[in-house]
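Comments concern the structure below.
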Amino acid sequence: MNYWLMKSEPDTFGIDDLQRKPEQTEHWDGVRNYQARNMMRDDMQPGDLVFFYHSNCAEPGIVGIMQVVKAGYPDFTAFDPDNIHFDPKSRPDNPTWFMVDVKFVRELARNITLKELKEKSELAELALLRRGNRLSVMPVGAAHWDFILGLE
DNA sequence: GCCAACGTTGGC
DNA sequence: GCCAACGTTGGC
């Protein structure tokens, strides 16, 4: 089993929104970055656990845990001209973009903030804290996963 | 709202 | 294939 972190802006789709979804499950659409696409298409498997990270907000940080419930499949929002994530170069017979389905597992007892994560030397190699850190989907090593949960 | 750090696009 | 211009992300 592998561990991941996925970012979302709480103003657009926060962990509360996931919790309110039918079956508390949602397709993680709209990722338009090739590195993130590759991970969702090739590497993320049902059963994998995912940190839900709130970005672009007052207190960015890890707020909960999700589980992958469906492996990578074509992101159909790319096919819909009326969708904000429409991309004409992605076609149903040769899709460019992929997504996974995730299910709410639980909220963390508290927001483990970016600020706090940055203070931990144990997390220096965490992808979230590395150069650029703009990927919206990234892997988390098992040791990092356990360490972060230990902060809760 | 600013701006640094990207990734993408397109002219050449 | 290079690289400048542009758009986006996301912390602050």
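A, B, ... follow the sequence lines: proteins, then strands. Residue 1 opens every chain.
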Quick one: does A:His85's side chain get under 4.5 Å of A:Asp75's, heavy atoms only?
no
Please report the distance, rounded to the nearest Å, between CE in A:Met138 and P in B:dC6.
12 Å
Paired with A:Met6, the side-chain contact (heavy atoms from CB on, under 4.5 Å) test is passed by just one of A:Met66, A:Met39, A:Met138, namely A:Met66
Are any of A:Tyr53's side-chain N or O atoms less than 4.0 Å away from OP1 or OP2 of C:dT9?
no
When you compare the side chain of A:Trp28 with that of A:Phe13, does any pair of heavy atoms fall below 4.5 Å?
yes
For a quick check of understanding: with a heavy-atom distance under 4.0 Å over all strands, which category does A:Lys118 fall into, base, sugar-phosphate or nothing?
sugar-phosphate
Would you please confirm or rule out a distance under 4.0 Å between OP1 or OP2 of C:dG10 and any side-chain N or O of A:Lys7?
yes
Between A:Arg130 and A:Asn56, the residue closer to the 5' end of DNA chain B by nearest nucleotide is A:Asn56
Classify the side chain of A:Arg134 versus the base of C:dT8 as yes if they form a donor-acceptor pair under 3.5 Å and no if they do not.
yes
Nearest-angstrom distance from the residue atom CG of A:Leu129 to C1' of C:dT9
16 Å
Once you round it to whole Å, what is the distance between P of C:dG10 and CG of A:Leu117?
15 Å
So CG of A:Asp29 and CZ of A:Phe76: to nearest 0.5 Å the spacing works out to 6.5 Å
So which nucleotide from C:dG10, C:dC12, B:dT8 ends up closest to the side chain of A:Tyr34?
B:dT8
